[in-house]
Trainee: 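First, the structure itself, so that you have it in front of you.
As the structure is a computational prediction, the values presented were derived from the model and not from experiment. Convention: sequence-line order gives letters A, B, ...; per-chain numbering from 1.
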Amino acid sequence: MASLRLVSARRSFRASGREIRALDGVDLTLGEGEILAVVGPSGSGKTTLLRVASGLERLDSGESMRSEGASIGFVFQEPRLLSSLTVEGNVALGLGSGRAARAWARRVRDALELLGIRDFARAYPSQLSGGIAQRVALARALVRGPELLFLDEPFSALDAPLRKRLQDELLAILARSGTSALFVTHDLAEAIYVGDRVVALRAGRVSREERVALARPRDIRGEAFARLRESLAATLAAGAAPAPSFREAVTAGIEEVPT
Amino acid sequence: MSEAGSSAGEAKPRRRIQGALPFLCVLALWQAACSFGWVNTYLLPSPLRVARAEAAAALSGELGHHVAASSLRVLGGFAIAVALALPAAALASLAPRLLSALGPLLAFLRNIPPLALVPVLILWLGIGEASKIALIVLASFFPAFLGAATGLSGVDPRLAEMGRSVGLSRWQILVRVLLPESVPSLANGLRLGLGYGWRALVGAEMVAAASGLGYWILDSEEMARIDSVFAGILTIGVLGIVLDRAALAAARRLAPWAHLENSWQA
């Protein structure tokens, strides 16, 4: 079990001579075994938040603290599979070779089984559908038994029925393992469906934090669900236009803002 | 399934016939030009005469001797070029600023034809095997290096980031992520390098050689055996194609995921 805390987290980029504050003093806590959904429009800073929280990127100022020695897993928006490796090889990536790999072999098989992709173990990524590829990415993140899992809009490219199925599978896995998860999405319904708590991010700031007091499995057509969704939508709609996202900033040719 | 299989099976012989057809046309035209006296056969011997010269050289063992000597030089030079080009490309991918700084110098060196360096190579390395192999190394290095460097720098940076997220070191990212993902460009570069090395062969074997296809061509020219000159030229062309196809087949076998195209190198 592991937790995570961000204190006054700030991260800026420079685009076309203009400073963009992707994160502007974010305070955030992810409790042990909790699923924290971060939702916000494009450019609200949610991907940057995930990247600094996971250590893929550094903060300009503020603090990012994780439980000491906590193992982490990362699921990106795209599967990011290596075309040179089979499904099995992709899941086992980074687990070592020789004796170390043999020791992990059972875990790899279990992860493939868990995600229902064992039949694809010998397939190459070019032979997979989008849904299967994303399951492989999930298996790759889960195989190490991470205590902290970071998910960056992992199901956004999938169609609705498949997305729902993977959300349910993810929730079941997280519930069984007690893994803490930071789940970023731009989809409010997904945030409410997945999260124990939802944090609404706007222009690099936390604009609202809400515990989702709905029993699981959640009914997305239920009245309480709809009320919470409308209320959060109103929060996100209010206020200034969002800053460009990290990805947009990178595409625009940004430079890092020195600390 | 069987329908698709049979149509794929039919496509291969059709492609082979399509590939052979231009050769057959050129040979027929060439033979006709010689038979009907359209050309001076001392300057352009007929294909049949060239084939006879080739067959005689093959039967006497002369052809095999020259082919073996040339192949060893090309493969040796190419192996050295690859051994230099791959680490250099890996270094360049780890230090892109260094590559950028060295860009003008590399462009300068790349544009010097290896043949222009023959006198310098003889001066530095003598007239033995070293200068011949060095010439082939120079011809093969840049295509191999540029293919590898372009392939490595063209890999989606998000894959390297994924590698970091699963705890791979920089070296592991290079070896396990970047190198395999750059295989298509790398294989193209290596095939081009091998082709360039093969093309530099005649130049290399002009350097006081006593064996090899380049030597055979020059020696035949001095002996006024124009049919053997053409036999040597055709052998170089055919073996160049064989080497390229072999390299492609090996790359496809080693990297089945890369779906390398069955293209002909320019």
Trainee: I'd like to know if the side chain of B/Arg158 reaches the main chain of A/Arg80, judged simply by a donor and an acceptor atom lying under 3.5 Å from each other, with no hydrogens or angles considered.
Mentor: no
Trainee: Does B/Glu161 reach the side chain of A/Phe76, with side-chain heavy atoms less than 4.5 Å apart?
Mentor: yes
Trainee: Side chain, backbone, both or neither: which part of A/Leu81 has a non-hydrogen atom closer than 4.5 Å to chain B?
Mentor: backbone
Trainee: If you look at every heavy atom in A/Leu56 and B/Arg164, which pair is closest and at what distance?
Mentor: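 Residues A/Leu56 and B/Arg164, closest heavy atoms: O-NH2, 3.5 Å.
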Trainee: If I take atom CG from residue B/Asp156 and atom CD from residue A/Glu78, how far apart are they, to the nearest 0.5 angstrom?
Mentor: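 Between B/Asp156 CG and A/Glu78 CD, I get 7.5 Å after rounding to 0.5 Å.
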Trainee: Quick one, B/Met162 with A/Leu82, criterion side-chain contact (heavy atoms from CB on, under 4.5 Å). Give me CA distance, side-chain angles, the key distance, then yes/no.
Mentor: CA-CA 10 Å; B/Met162 179 281 297; A/Leu82 298 184; 3.8 Å; yes
Trainee: So do B/Ser165 and A/Phe150 actually touch side chain to side chain, heavy atoms under 4.5 Å?
Mentor: no
Trainee: Give me the atom names and distance for the closest heavy-atom approach of B/Trp257 to A/Ser83.
Mentor: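 So the minimum-distance heavy-atom pair works out to CB-O, 3.0 Å.
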Trainee: Would you indicate whether B/Arg252, at its atom CZ, is surrounded by more than 12 heavy atoms from other residues, nucleotides or ligands within a distance under 6.0 Å?
Mentor: yes
